[in-house]
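Every chain is numbered from 1 and lettered A, B, ... according to where its sequence line falls, protein lines coming before strand lines. Only heavy atoms go into these numbers, but all of them, side chains included; no hydrogens, no water, no symmetry mates. If you're wondering where the values come from, they're calculated on a predicted model, not measured in any experiment.
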Amino acid sequence: VKDGVSERGGYPVVQKAMPQWNLRITAYADRLLYDLETIEWSNALKTMQSNWIGRSTGAQLFFEVDGHDEKIEIYTTRPDTIFGATYMVLAPEHELVTKLTTAEQQKDIDDYLAYSQARSEIDRMSDKQVTGAFTGAYAINPFTDKKIPIWIAEYVLISYGTGAIMAVPSDDERDQRFAKKFGLEIIPVVDKSDYPGATLDDKVGKIINSDFLNGMEVKEAILAMNEKIEEMGIGTAKVNYKLRDAGFSRQRYWGEPFPIVYDENGFAETLAVEDLPLELPETEDFKPGKGGKSPLSRLEDWVNLENGYTRETDTMPAVAGSSWYYLRYMNPNNPDTFASPAAVTYWQDVDLYVGGAEHAVAHLMYARFWHKFLYDMGLVPTNEPFKKLVNQGMIQGRSNFVYRANEQFAEKSFKEKLKEYKIDVQTEYPIAGGYVDFAMPEHKLAIEIKSGSDLQRYLEQRKPAYDEAGWKLLVISTQEVGNYYFNFDIIIKRINRAIEGTIDNSHLEEDYTHPLFISYDVVQEKNLAELTTALHVDVNIVNNDVLDMEAFQNWRPDYKNAYFVTNKAGSYICGHAVEKMSKSKYNVVNPDFMVAQYGADVFRMYEMFLGPIEASKPWDTLGINGVSKFMRRFWDLFFTNEQFSVSEDAPTKAELKVLHATIKKVNEDIERFSFNTCVSAFMEATNDLRKMKCNKRAILAPLTILLAPFAPYTTEELWHRLGEAGSVHHANYPIHDESYLKEDEIEYPISINGKKRATAMFPSDASKDEIEKAALEVEGIQKWLEGKTVRKIIVVPKRMVNVVVG
RNA sequence: GCGGGUGUGGUGGAAUUGGUAGACACGCUAGACUUAGGAUCUAGUGCCGCGAGGCGUGGGGGUUCGAGUCCCUCCACCCGCACCA
């Protein structure tokens with residue numbers, strides 16, 4: 001929907017009440033909220049769900065209306081402030097509005113209803129104006145017995161609570177704004193003087209002006225008032241939710257059809273089990289049915305059954321499938337049920353769910369709800385579907401920009417260049433009834449800077465280079481200024497020739513077709529941001545922010561004749577920004593292309609290497625070389641002079657240490673989803689083994705298995721070259737042996753007053769006392785101790801030494 | 001406005017319980033080799049300083065022998081909700 005019409009066809013969009021199927025997710029609101037504590041999800045996601053459920057506790061009660069039988073039902077979280085309720089507000093859509101409005105106020109109310117109906121949701125959200133209208137009717141505050149006016153206003157929403165409120169302007173910010181604007185009474189009922197800094201929203205303070213509540217703390221008063229309300233029979237304590245029941249009908253073809261039929265009287269019945277599954281009927285006509293009905297309603301043969309029953313023609317939304325597909329995965333080919341009891345008992349639930357945060361409140365909420373329902377039906381053994389959830393970040397695009405010079409660019413830089421060359425000119429000088437950009441009166445020389453169509457017009461008119469008063473006119477194109485930005489002598493020569501009397505404008509003929517682009521570093525250095533327009537450029541013709549200028553000219557016809565202001569090195573540097581990948585931003589990198597160039601293993605590892613799994617981060621094509629280099633180096637460990645060559649010799653202590661340290665690190669990091677540091681560990685190991693010139697099977701074989709989940713294809717090939725029969729992915733995964741990691745000597749940093757001043761090797765089994773003594777003897781430490789007293793020495797075994805002196 | 005999160009070199013990031021900040025990689029600089037190629041190899045690379053040394057994890061303050069990590073406070077950015085009574 002755009003501007004009230006459908007974006008595709010331009011048809012008007014109207015709101016319409018329709019009977020629809022709803023899922024009573026609200027019945028599970030409390031369990032959906034409290035069970036969040038039992039699952040391993042991120043805080044962000046849990047709070048999102050809990051805000052979405054929006055549980056609040058308060059009271060629901062009735063206010064009598066003066067002179068009417070009607071009562072107004074309201075919901076409040078602050079029953080303690082009821083003595084301060086000086087007026088009431090109904091949502092404009094509230095059903096009592098028409099009944100209560102008095103004749104005198106009819107026009108005001110009609111005007112207001114017209115106003116609020118015309119305002120879209122977006123209007124209401126973006127400008128929160130204080131608006132409203134008086135109905136002319138009065139309610140009775142059940143505690144003060146005072147008559148209080150009933151208003152209508154947009155700020156009360158029909159969809160939350162009861163669509164009506166008691167307004168307490170002393171203790172609610174919105175009510176206060178409203179009361180002030182319309183001059184309504186404000187009675188203070190909560191004394192917050194004991195709580196400096198507390199806002200109106202904070203439920204703290206001492207109750208005043210409230211009869212039997214006086215002197216109570218807010219929390220205490222809420223309980224007391226709830227009791228009183230129930231005692232008086234005018235209301236009850238109540239829990240309220242923001243969460244709404246889920247609309248489950250769609251008027252579309254694609255979607256699961258409802259297994260529901262209606263009898264002659266329109267009562268719904270479920271299809272018999274033997275008639276399931278109900279499949280979508282085939283059709284080639286997907287147009288909507290009459291009156292906004294689903295396309296299925298057009299298929300009369302399918303809709304009308306022999307026994308006089310008719311089928312439901314709406315279909316289910318996408319969440320119908322996504323709410324429980326993981327259960328079907330447990331037993332995909334079972335023809336009788338979604339999954340056998342044996343299968344669900346075996347698989348239980350989803351141990352780890354990796355998905356985007358965009359599913360936070362829709363899919364992930366529905367799936368939990370469905371799962372809980374199935375649990376209640378005894379069909380699944382667990383209460384929650386996804387025990388642990390990790391939100392992977394989005395790979396963003398790194399966009400590049402070129403900077404097109406605006407009209408004002410040339411004038412400004414021309415002026416600066418003239419200043420640099422100490423050439424004195426006047427600007428905006430009046431000549432022959434008009435103005436020229438620059439003038440040198442002593443030489444009777446006028447200079448105009450022209451570009452684009454302006455230049456084209458000038459050339460077509462073929463104005464003479466001299467006017468009647470004897471002034472000479474030199475035209476310089478914007479493109480020239482840019483072109484010779486670092487070689488301005490050429491333009492100075494033209495000016496000098498013009499002073500002598502030779503003016504040659506012939507080269508300007510084509511300049512107007514040349515857009516001018518300025519290198520980003522020049523834009524920065526010369527502060528040209530406002531004189532240029534940043535345009536997205538295809539990242540595929542930019543390398544390391546350096547533009548391939550020829551490719552740029554061929555990129556789009558408009559840029560065929562582009563001129564560039566390069567930096568002093570002759571390169572055109574592009575600006576950059578991290579944004580969502582998008583075609584319009586020309587920052588999309590095609591993974592197929594990357595896989596073709598580097599292979600799937602390198603691509604896969606580079607995605608892991610980019611950073612933590614939860615973080616969104618920019619795709620940086622350059623960095624993939626690092627992983628590619630690693631992969632080749634790892635491969636090279638198995639080769640000597642391009643021949644596969646693996647030694648059967650026993651490994652050294654140092655080599656075993658590299659292997660086992662890597663196994664330990666990688667296995668630990670996998671446990672905490674830190675795949676980027678796993679890749680780093682593999683790189684370190686490879687670098688170390690390269691230096692040791694290690695090609696021993698005893699080291700390389702376990703390393704190959706360890707790497708297999710990260711680089712499945714390459715490792716499989718190496719595995720076979722190692723002469724192993726089965727798949728590397730079925731090999732026993734290595735476990736580290738702590739004994740290989742033991743050190744005889746440990747390097748200790750030695751600090752003086754917390755600042756590291758030296759390092760020294762001490763035996764790993766040295767006692768604290770031995771280290772303390774030895775540390776003071778270390779070379780480079782002595783000079784820090786001169787003339788000072790050693791007050792304390794802290795030794796953390798196998799970590800560090802800190803000497804406190806003073 | 002409310003709620004959640006994040007701030008570390010030129011860049012992506014590492015530092016798992018308070019214990020050598022900057023692992024690993026990109027980029028950059030210099031050099032080697034070379035059919036000069038966006039290949040490969042070697043060395044260097046937080047900042048300031050010739051040096052000794054000083055400074056340094058968004059800013060300020062605190063706890064501690066020791067703080068990127070804990071506490072207080074301020075700032076910036078990102079995400080979610082948004083008149084929820």
Side-chain angles (χ1 to χ4, degrees), chain A residues 42-52 54-56 58 74-78 81 85 89 91 124-126 128-130 153-157 159-168 171-175 177-178 199 201 240-243 357-358 360-361 391 398 543-546 548 576 578 606 609-612 614-627 629-630 632-633 665 668-669 671-672 674 676-684 686-687 747-759 783 791-796 798-806:
Chain A
S42 74
N43 252 337
L45 220 75
K46 286 186 184 180
T47 17
M48 258 190 252
Q49 290 218 338
S50 119
N51 289 345
W52 192 258
R55 184 183 203 271
S56 72
I74 61 117
Y75 173 73
T76 178
T77 55
R78 295 296 303 274
T81 63
V89 186
R124 285 199 195 189
M125 280 192 307
S126 55
K128 293 173 185 171
Q129 294 177 30
V130 180
E154 250 175 19
Y155 83 90
V156 173
L157 309 175
S159 54
Y160 183 76
T162 61
I165 61 160
M166 65 170 201
V168 184
D171 281 274
D172 182 282
E173 205 203 312
R174 292 150 306 166
D175 295 347
R177 259 187 289 145
F178 193 84
T199 65
D201 293 334
N240 219 339
Y241 303 93
K242 279 199 249 178
L243 185 73
E358 68 272 14
V361 287
N391 279 130
R398 189 174 184 281
N543 193 309
N544 191 13
D545 288 340
V546 177
D548 180 336
H576 59 88
V578 172
Y606 183 51
F609 186 59
L610 275 173
E614 304 93 341
S616 286
K617 53 240 154 185
W619 176 260
D620 172 14
T621 298
L622 275 178
I624 199 170
N625 278 324
V627 176
K629 213 190 283 182
F630 153 74
R632 288 198 303 265
R633 285 174 173 181
K665 170 86 178 145
E668 282 172 2
D669 286 358
E671 283 296 321
R672 57 188 185 105
S674 179
N676 54 331
T677 53
C678 287
V679 178
S680 295
F682 284 120
M683 287 174 168
E684 275 179 87
T686 304
N687 291 344
E747 189 188 37
Y748 281 78
I750 302 173
S751 300
I752 307 291
N753 290 343
K755 281 204 183 295
K756 188 188 124 194
R757 296 301 182 185
T759 57
K783 68 170 178 177
R791 300 200 184 278
K792 199 174 177 186
I793 302 179
I794 291 139
V795 176
V796 182
K798 298 182 182 176
R799 286 257 183 214
M800 46 71 67
V801 180
N802 189 19
V803 184
V804 184
V805 300

Distance check, [atom1] atoms only: [N] and [M], in whole angstrom units.
N     : M     : atom1 : result
B/A14 : B/G46 : C1'   : 15 Å
B/A30 : B/U17 : C1'   : 43 Å
B/C71 : B/G27 : P     : 39 Å
B/G38 : B/G56 : C1'   : 35 Å
B/U42 : B/U6  : P     : 38 Å
B/G4  : B/G22 : P     : 34 Å
B/G60 : B/A67 : C1'   : 16 Å
B/U45 : B/G1  : P     : 47 Å

Within the pair [X] and [N], is there a side-chain N or O less than 4.0 Å away from OP1 or OP2?
X        : N     : value
A/Lys665 : B/A23 : no
A/Arg633 : B/C41 : yes
A/Arg757 : B/A52 : no
A/Tyr75  : B/A85 : no
A/Asn753 : B/G66 : no
A/Asn687 : B/C24 : no
A/Arg632 : B/C41 : no

Distance, rounded to the nearest Å, where [X] contributes [atom1] and [N] contributes [atom2]:
X        : N     : atom1 : atom2 : result
A/Asn51  : B/C84 : CG    : P     : 13 Å
A/Arg672 : B/U17 : CZ    : P     : 9 Å
A/Leu622 : B/G12 : CG    : P     : 14 Å
A/Asn625 : B/C26 : CG    : P     : 8 Å
A/Met683 : B/A14 : CE    : P     : 14 Å
A/Ile794 : B/U64 : CD1   : P     : 13 Å
A/Lys242 : B/A85 : NZ    : P     : 7 Å
A/Tyr748 : B/G19 : OH    : C1'   : 12 Å

A/Phe609 side-chain proximity, nearest of B/C24, B/G4, B/G19: B/C24
Given B/U20, B/C84, B/G19, the nucleotide with the shortest approach to the side chain of A/Val796: B/G19
Donor-acceptor pair, [X] side chain versus [Y] backbone, under 3.5 Å?
X        : Y        : value
A/Tyr75  : A/Ile165 : no
A/Asn240 : A/Ser56  : no
A/Asn753 : A/Val805 : yes
A/Tyr748 : A/Val796 : no

N-glycosidic conformation, B/G9 - syn within 90 degrees of 0, else anti: syn
Scan [X] against the nucleic acid and name what it touches under 4.0 Å (heavy atoms): base, sugar-phosphate only, or nothing.
X        : answer
A/Lys755 : sugar-phosphate
A/Glu747 : base
A/Pro612 : sugar-phosphate
A/Asn802 : base
A/Val804 : sugar-phosphate

5'-to-3' dot-bracket of RNA chain B (Watson-Crick, G-U; under 3.5 angstrom; crossing pairs as [ ]; | other strand): (((((((..(((......[....)))((((((.......))))))(((....)))..(((((..]....))))))))))))....
With rounding to the nearest 0.5 angstrom, report the [atom1] to [atom2] distance, [X] to [Y].
X        : Y        : atom1 : atom2 : result
A/Ser159 : A/Lys242 : OG    : NZ    : 11.0 Å
A/Arg632 : A/Thr686 : CZ    : OG1   : 13.0 Å
A/Asn43  : A/Met48  : CG    : CE    : 11.0 Å
A/Lys665 : A/Ser674 : NZ    : OG    : 6.0 Å

Under 3.5 Å side-chain donor-acceptor pair for A/Thr677 and A/Asp669: yes
Closest-nucleotide 5' rank along RNA chain B - winner of A/Trp52 and A/Lys629: A/Lys629
